[in-house]
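Here's the structure we're looking at; comments come further down.
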Amino acid sequence: MGALQAEIERRGERIFDLVDRHPEPLFSKAGFYQRMMALSMRDEHFKVQLFRFVDVLASLHRGTDIVQHLDQYFADMRNGYAPLIRTGVRAAKIVPWISGQFLRWNVSGMARQFIAGRNPQDVMKTLRKRRAQGIGFTVDLLGEAVVSEQEANEYATRCLELLEHLGRETRDWTDPLGKNAELFPVVNLSVKISALYSQMNPADPADAIVHLAPKLRPILRRARELGAFVNFDMESYAHKNATLELFRALFTETEFRNWPHVGIVIQAYLRDAEDDLRDLLDWGRRRGTRFAVRLVKGAYWDFEKIRSRQNGWACPAFLQKPESDLNFELLTRIMLENESIVTSAFGSHNVRSIAHAQALADQLGIDRGRFEFQLLYGMAGPVKRALVEMGYRVREYSPVGELLPGMAYLVRRLLENTSNEGFLRAKFSENVSESELLRDPADLIAEGPNGARHVEVSGDGASLDTPPGDTYENAPLVNFVYEQNQDRMRQALEHVRTQLGQKYPLVINGEKVWTDKTIASINPSFPDNVVGHVAEAGIPEAERAVKAARDAFGKWSRTSFETRCRLLERAADIMHRRRYELSALEVFEVGKAWAEADGDIREAMDFCRFYAHQMRLIGRPRLTQHVLGEESYQHYWPRGVAMIIAPWNFPMAILCGMTTAALVTGNAVIMKPAEQSAVIGAMLMEIFEEAGVPPGVLNYLPGKGSVMGAHLVDHKDIDLIAFTGSREVGLRIWESAGKTREGQRELKRVICEMGGKNAVIIDADADLDEAIVDTIYSAFGYQGQKCSACSRLIILEEIYPRAMERLLNAAASLRVGNPEEPGITVGPVIDGTAYKRILEYIDIGRNESRLAFQRADVPQKGFFIPPTIFTNVSPKTRIACEEIFGPVLSVIRARDLDEALEIANGTEFALTAGFFSRSPANIERAKAEIVAGNVYINRSCTGAVVGRHPFGGFKMSGGGTKAGGADYLLQFVVPRVVTENITRHGFAPETTPQYRDEFLPPR
Ligand SMILES: Cc1cc2nc3c(=O)[nH]c(=O)nc-3n(C[C@H](O)[C@H](O)[C@H](O)COP(=O)(O)OP(=O)(O)OC[C@H]3O[C@@H](n4cnc5c(N)ncnc54)[C@H](O)[C@@H]3O)c2cc1C
């Protein structure tokens, strides 16, 4: 054993000794809370239900509501405590008012265990008590998630008030250790950066700094005047870089450059924490003034893991707990070795991590008064006491706030306290031995194959929990949190800008075809700028394309499906290679924001790979039934020539999705992009040519829908039409395809996806932090021009005033502008026609209802429509029933859930819907009763992911097809069964294989 490890053990044992002198259970509060925690640690399901119940409780006002929720969360418990819980629930129902209050009181008690005070006055009692115990403080203001600038400004004001109050009340306080006081001001404020700016976007740290710096300067100035310390807390990874940059930018300013009493958090659970710390130290040395770092492991581990899995990103945090512990120790060393520039604060409850810092500081000869340990209020009391007894500097992180915002904080603490991997549970609840708790984390890291430390790669493919057959792994989104990705996007925008204005031909039978007429595709942000001129196909070109496709069909339909799958996969690889360029083109041609454009290209790649994957599942003839003496195989033939008619709003994804489904199933294709996004269509054609699509199999034919498109829809040689677009055009196609023309071989198949008038319901107990952010995104993301967008918001009466207040403020805070800038949420609508039509609807809305909000400051050039919200909307008015396809939201108030569901279901459409609630019973009702093809609970109603959320609606939203779903390809084929009698003179093989090779003509 090395000397350091021996010293760590000695220190650790000493701390444990002191801790055991004043034995205290894990949770200092006895009774209800302790029993709940004990149960939670024994029963995972109970824990989930309990934490969810706690999460909703503060927003429930009536005793009956509280008891109803209690019943819904706990009535079906099947653990050993079930009868007890059921009896409790039954008793609670008898006197709901009293039991509601009783529960609230108990849970408030739980929250108070972790919240040091409700307001600045209240918290002083706690701080004084701690002062008497030799413990300092840092105060943190709890708040709801900030969804608007109004809320952000309120937070800034509260910070200033808190500072003033603390300054006044602690004027005569002195340093608890009586030495090195110049490094550790008494008043210490921790601020959450995301609470000061509502529009933080990982792609745009510069914008965050521009908005945050002016809000922070008065706080910092006042703190300095008062001799206080200010610490920037660290939140989720998405905000990390902006927080670091902001810190460096502000404290390099002349005014603050020589101020040492500023600090920032480094999260040791992050893989890039060491780089960040070293960068900070370099910066500090250049700046020439001390600063502080609070080293923690990190509070968002579960969140980071979930988020990265959902988006296909490599998790930024370590996945093994000892890896975080080990990194904490490495960073501890770096900090202490740089003591001349950085003041260290170690934020941990883990005795091993603490003992390591102590032992190392001694080894390096650093006085124990020159760094500090920080621990959370309400946790690990005996450890704090032990550290004080040992002569160390201890500071307590003391949250201040009301119960409602405190609940989110409480749930984080509950999770931390009951975590299987946490130190506190191991020590105080499970009595793990001291020697085990003091082991070197390096010895505990599980090794992966070949001795490599186990590192999870992005996405995780199939696992035991994966539904059968679901082995498809989506392409990751680009994570714009990384500077190199932001740079690549900027470069792509610059590059594409130099390519604008080019000419693009039709492609028929593998040949480039130019016509007299061209379509000018314009940039909706700057309508004078032409993105490209695309040759316009007329009837003669349409005829040529049909003939080419017909001729190519014969061979293509008899090509093995594997060859066709590989074509799609090659196309996806090319898209991957050209990903940024294609995204940049979308920014110019259809006004998509960065992340929206990237999402569209990702979806296109997913369609290619997903349909290839699906084709492999259905491609081989499959035995219908095991019968002796006979074999019957079902398989699929393509339908013939497919006409693809796509919209501009997902210019690459939808065009590519319909096209690839047709191609991979063996159809020949005529691809007609929307006129507004014809250049992106030309790119898709280019990609397929590079991927090696045979001549005639895919033909690129932009042109006027009403002329060339209509001609082809009626054409006898078109067998299948896949359409996504407006209801008006969709119905015309549906009708026209129903007529059988002379010489027509097949009954035309129409795959028709149309619009929606999608509703989101906010239930009385919804989490407004989530509901407002997601609804704003669903309604105004990409200017409300997604067929899935929320255009009707139905709010239950009880929550209406608060929800509206937050919604209107959030809409007022949205970033509207040229989407070339990163972090823009609302850009221009697609063209002049849409612009005019939406403005007409806004006029209709003014007459039918009340204009509650309209942004004033939108760019004057370009087709920018101000985000607009109508209230007092009656469900039968035009703005509540007709598809507007723009940033216009109609808000409808509902008496109760019955009425809300009736309104939601009361249109001709059935595409998407959203429901925000924390009532398990109401969630079940919504799942069963909302009439929509895609129902989303507690999340935005846009953003379907291929394979995960097969997408499409019914009623007047479409033919019930599900793009990106397992059965989508079946619409592009005809089923065929081949039966062979395999008996010869009474003799037949015993077994027949489940699958056989394709029925292909001999070569
Ligand atoms: C005073 C103070 C201030 C804090 N401020 C912040 C802050 O601003 N931002 C912030 O993010 N955190 C902050 N934290 C940290 C956080 O809230 C937790 O308290 C801390 O991570 C717990 O670590 P520990 O050393 O006490 O306990 P331990 O039990 O030793 O460690 C638990 C931690 O290990 C990590 N972990 C758990 N499971 C795994 C796994 N499977 N793989 C990898 N790592 C895992 C997680 O970070 C978890 O919190 C602060 C903590 C304190 C004490």
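Just follow the structure's listing: the first ligand is 1, and inside any ligand the first atom is 1. Predicted, not measured: the structure shown is a model, and the values here were computed from it. Quick note: residue numbers are just sequence positions, from 1.
- When the ring pair (Phe, Tyr, Trp, His ring centres under 6.0 Å) test is applied to Phe232, the partners found at least two apart in sequence or on another chain are Phe247, Phe251.
- Remark: the Thr343 side chain and the Arg290 side chain contain an N/O donor-acceptor pair separated by less than 3.5 Å.
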Donor-acceptor pairs under 3.5 angstrom involving side-chain atoms of residues 397-409: please list them, not counting sequence neighbours.
residue	atom	partner	partner atom	Å
Tyr397	OH	Lys192	NZ	3.1
Tyr397	OH	Asp233	OD2	2.4
Ser398	OG	Glu396	O	3.2
Glu402	OE1	Arg118	NE	3.4
Glu402	OE1	Arg118	NH2	3.3
Tyr409	OH	Arg413	NH1	3.4

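- Between Tyr237 and Asp272, the side chains place a donor N or O and an acceptor N or O closer than 3.5 Å (distance only, hydrogens not considered).
- Inspection of the Arg294 and Ser190 side chains reveals an N or O donor paired with an N or O acceptor under 3.5 Å.
- Every protein residue with a heavy atom nearer than 4.0 Å to ligand 1 is included here: Asp233, Met234, Val265, Gln267, Tyr269, Arg294, Val296, Lys297, Gly298, Ala299, Tyr300, Trp301, Phe318, Leu319, Gln320, Lys321, Ser324, Asp325, Gly347, Ser348, His349, Asn350, Gln374, Leu375, Leu376, Tyr397, Arg413, Glu416, Glu421, Gly422, Phe423.
- Residues satisfying the salt bridge (charged side-chain N to carboxylate O under 4.0 Å, His left out) criterion with Lys125, sequence neighbours excluded, are Asp122.
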